[in-house]
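These numbers were taken from a predicted model, which means no experiment stands behind them. Ligands are counted one by one from 1 in listed order, and the atoms in each one are counted from 1 as well.
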Amino acid sequence: MNHGSITYGKQYIPFNILYVDRKTLEIAVLPDTSVVIKAPISTRHEEIEKRVAKRARWICRQIAFFNQFNPKTPPRQYLSGETHLYLGRRYRLKLKSGNADGIKLTRGHFLVTSQQRNSPGHIKGMLDNWYADRARHKLHESYERCWQSIHQHAHSRPSLNIRRMKTRWGSLSKNGILTLNVELIRAPQDCIDYVITHELCHLIHHDHGPGFYKLLEKVMPDWERRKHRLELSLI
Ligand SMILES: [Zn+2]
C-alpha cells in the first residue's frame with residue numbers, strides 16, 4: 001500500500017492509497033480513524049494530495065465523529081439520558097412512571113412510561129418490541145418503494161421476512177425470500193432503501209459482478225453515498 005499525508009490547519013492527516021481499476025477517486029474514513037484513498041491506477045500523487053486537501057474539512061469531521069466512540073460505545077443501560085437511534089436520528093431516553101406501559105417519540109425524546117421504569121430489562125423489552133413493530137411497518141413501506149424501481153427487471157417478487165441478523169443487513173435466498181435485519185430500523189430511510197435495492201438487484205444478478213453494479217447504478221444512481229452513510233450512521 002502507498003502512503004501520503006497533508007496538513008490541514010494544525011491537523012496532520014496521513015492516508016493510505018489503494019490503486020484500483022476504477023474511474024473515480026474515493027475517500028473513506030474508517031472507524032479506527034484511518035483514511036483510505038481508492039484511486040484510479042494512473043492518478044498522480046499530487047492529484048491525490050489535492051483531492052484530499054479539498055475534502056480535509058470533511059475528513060476531520062469524520063475523524064472527530066469516530067473519536068467520540070473510541071475506545072467503544074458503552075453498552076446500553078436503558079437509563080434516562082441515554083440516546084437511541086431511530087431512522088437515523090438520535091433520541092434521548094426519558095423514563096417516567098405511570099400505570100400503563102407506553103412509548104412516545106416527541107421532540108428528540110423517547111418518552112417511555114412504565115410502572116417498572118427502574119428495571120432496565122423491562123425497558124429494553126419494551127423498546128425491542130417498539131422497534132420490531134416500527135420495523136415491520138417501515139421496512140414493508142420501503143420494500144414497496146424499492147420494488148417499484150426494479151420490478152420491470154425481475155421475474156418474481158420475493159416475500160419479505162424481518163428478523164434479527166447477526167452479521168448482515170439483508171439477504172436474498174435462492175427460493176425467493178428477502179430477509180432484512182430488524183436493526184435496519186435504526187438507519188436513515190435512504191440507507192434502508194439502499195440495502196433493499198441492493199438485495200433486489202440480486203434477483204437478476206446473483207454475484208457482485210459488473211452486471212450487478214450496472215443495474216444498481218441504473219435504479220439507484222446515488223447508492224454509493226447511501227452505502228457510506230449507512231456505514232457511518234450506526235456506529
Ligand atoms: Zn450483495
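- Using a 30° and 60° split on the angle between ring planes, H202 and F212 fall in the parallel class, below 30°.
- H202 contributes atom NE2 as its closest N/O/S atom to the Zn ion (ligand 1).
- For the pair R92 and F110, the cation-pi test (distance below 6.0 Å, angle within 45°) is failed.
- With a 6.0 Å cutoff to the six-membered ring centre and a 45° limit on the axis angle, R226 does not count as a cation-pi contact of W223.
- Using a 30° and 60° split on the angle between ring planes, Y213 and H208 fall in the tilted class, from 30° to 60°.
- Look at H208 and the Zn ion (ligand 1): an N/O/S atom of the residue is under 2.8 Å from the metal.
- Residue-level check: among N/O/S atoms of H198, NE2 sits closest to the Zn ion (ligand 1).
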